[in-house]
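FYI, the numbering just counts along the sequence from 1. Treat the numbers as computed from the prediction; the structure is a model and nothing was measured.
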Amino acid sequence: MKKVVLSVLVLIAVASVSQAQGIRLGVKVGGNLNKISGQSFNDGFDFSYHAGGFLEIDFNKKWGIQPEVLFSQTTSKPSNFKTVYTTAVNPTLSGDDKVKLNYLSIPLLLRYNVGSILSLNAGPQYSILLNNNKNLLQNGQDAFKDGDFALVAGAQLNFKILRIYGRYNIGLQNINDIDNKDKWTNQQIQLGLGLRF
């Protein structure tokens, strides 16, 4: 499934580049306010970070796409995990342990330029899990699925070389790889800065 999704994203990006009027490359870094929704995890948002690169590909003055490749971290604290998963839980798990998941995220965003400074972005994002937290379950079993599919929406301020952006990512897929007893989905608010070359 991962290969199919990545292949489709690459084909869309290649087809879009061939139709493009302007291409700009850049790097970005920022903070994540994220949580894993579900009764097994704390309901509040935790802080982590993201960093990576982006392309701005213009079709005309108003429309374009913005493919990105980001290293993005999700952190959350288990709350009722021992109650929901009494038999599978790691006995050494404490209430202060945080779950840290590192993803390679690939958003493919449609960009609409409202004016010369403001752009609106929206589109799909596929994330590949780079590590799987081994502290939740007994015997180091995997608790999380290898991939996550999300929708992204946000806004970006465009200055000559500086980009200031904010966006909201909502996971559409259950990332719980234990069972269907508790549905876990990623939610993330991203704020950051980008530099265009």
Side-chain angles (χ1 to χ4, degrees), residues 2 5-36 44-76 98-131 146-172 175 186-197:
K2 278 192 271 187
V5 171
L6 289 175
S7 299
V8 169
L9 291 176
V10 168
L11 286 174
I12 291 171
V14 169
S16 300
V17 168
S18 65
Q19 301 290 321
Q21 294 183 352
I23 300 174
R24 294 173 298 281
L25 174 68
V27 294
K28 58 172 46 183
V29 65
N32 296 336
L33 290 172
N34 48 249
K35 71 175 179 175
I36 299 173
F45 283 85
D46 288 298
F47 183 77
S48 58
Y49 65 94
H50 66 273
F54 65 92
L55 283 174
E56 294 176 344
I57 303 169
D58 293 331
F59 299 137
N60 54 46
K61 288 184 177 181
K62 287 287 186 186
W63 293 97
I65 62 168
Q66 187 169 315
E68 301 178 358
V69 176
L70 302 172
F71 174 84
S72 184
Q73 188 177 78
T74 293
T75 58
S76 190
K98 279 193 176 182
V99 173
K100 289 186 181 178
L101 302 174
N102 298 324
Y103 286 98
L104 179 67
S105 297
I106 306 166
L108 182 59
L109 306 176
L110 181 65
R111 193 176 77 252
Y112 177 72
N113 297 318
V114 177
S116 60
I117 294 178
L118 178 64
S119 296
L120 302 178
N121 297 315
Q125 172 177 282
Y126 187 74
S127 298
I128 301 165
L129 185 62
L130 300 176
N131 73 312
D146 291 338
D148 187 24
F149 186 73
L151 286 180
V152 179
Q156 179 173 286
L157 296 174
N158 307 303
F159 301 103
K160 285 190 177 181
I161 62 167
L162 180 67
R163 304 293 187 255
I164 302 171
Y165 61 92
R167 60 176 63 155
Y168 181 69
N169 304 341
I170 182 143
L172 302 177
I175 59 171
N186 277 318
Q187 292 184 46
Q188 198 170 69
I189 298 167
Q190 292 182 325
L191 302 170
L193 299 174
L195 290 176
R196 177 184 65 84
F197 299 128

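- Scanning all heavy atoms of the two residues, the minimum distance from Gly166 to Leu191 falls at CA-CD2, 3.8 Å.
- Shown here for Leu33 and Phe47, the closest heavy-atom pair between the two residues is CD2-CD1, 4.2 Å.
- Asn32 contributes atom CG, which lies 11.0 Å from atom CZ of Phe45 (distance to the nearest 0.5 angstrom).
- Taken to the nearest 0.5 Å, the CG atom of Leu172 stands 7.0 Å off from the CD1 atom of Ile170.
- Counting only heavy atoms from C-beta outward, the side chains of Tyr112 and Val114 approach each other to under 4.5 Å.
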Chi angles and distances behind the side chain to side chain contact (heavy atoms under 4.5 Å, CB included) call for Leu101, Leu129 | CA-CA 7 Å; Leu101 302 174; Leu129 185 62; 3.9 Å; yes

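- Counting all heavy atoms, side chain and backbone alike, Lys35 lies closest to Gly44 at CB-O, 3.4 Å.
- Rounded to the nearest 0.5 Å, atoms CD1 (Ile128) and OG (Ser72) are 13.0 Å apart.
- Inter-residue side-chain proximity for Asn102 and Phe71 is flagged as met; some heavy-atom pair is nearer than 4.5 Å.
- Contact check for Gln66 versus Ser119: no side-chain heavy atoms found under the 4.5 Å cut-off.
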Could you give me the CA-CA distance, side-chain angles and deciding distance for Leu108 and Tyr126, then say whether side chain to side chain contact (heavy atoms under 4.5 Å, CB included) is met?
-> CA-CA 9 Å; Leu108 182 59; Tyr126 187 74; over 6 Å; no

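- Residues forming a side chain to side chain donor-acceptor pair (under 3.5 Å) with Arg163 (at least two apart in sequence, or on another chain): Glu56, Asn158.
- Checked by atom type and distance alone, the side chain of Asp148 never pairs as donor or acceptor with a backbone atom of Ile175 at under 3.5 Å.
- Checked by atom type and distance alone, the side chain of Asn169 never pairs as donor or acceptor with a backbone atom of Gln187 at under 3.5 Å.
- Looking at Phe159 and Ile164, their side chains come closer than 4.5 Å, going by heavy atoms from C-beta outward.
- Residues Leu110 and Trp63 form a side-chain contact, since some pair of their non-hydrogen atoms from C-beta on lies under 4.5 Å apart.
- Between Ser76 and Asp46, the closest heavy-atom pair is CA-OD2, 3.3 Å.
- Here the side chains of Thr75 and Asn34 are in contact, with some heavy-atom distance below 4.5 Å.
- The side-chain heavy atoms of Leu195 and Leu162, taken from C-beta on, include a pair separated by under 4.5 Å.
- Atom NZ of Lys98 and atom OG of Ser48 lie 9.0 Å apart (nearest 0.5 Å).
- In this structure, Ala150 and Gly171 approach most closely via the heavy-atom pair CB-CA, 3.9 Å.
- Between Asn186 and Ile36 the shortest side-chain heavy-atom distance falls below 4.5 Å.
- For the atom pair Leu118 CG and Leu157 CG, the distance stands at 6.0 Å (nearest 0.5 Å).
- Residues Tyr103 and Ser127 come closest through the heavy atom pair CD2-CB, 3.6 Å.
- Lys100 NZ: 12 or fewer foreign heavy atoms inside a 6.0 Å radius.
- Judged by distance alone, with hydrogens and angles left aside, the side-chain atoms of Arg167 form no donor-acceptor pair with the main-chain N or O of Ala153 at under 3.5 Å.
- To the nearest 0.5 Å, atom CG of residue Leu193 and atom NZ of residue Lys28 are 10.0 Å apart.
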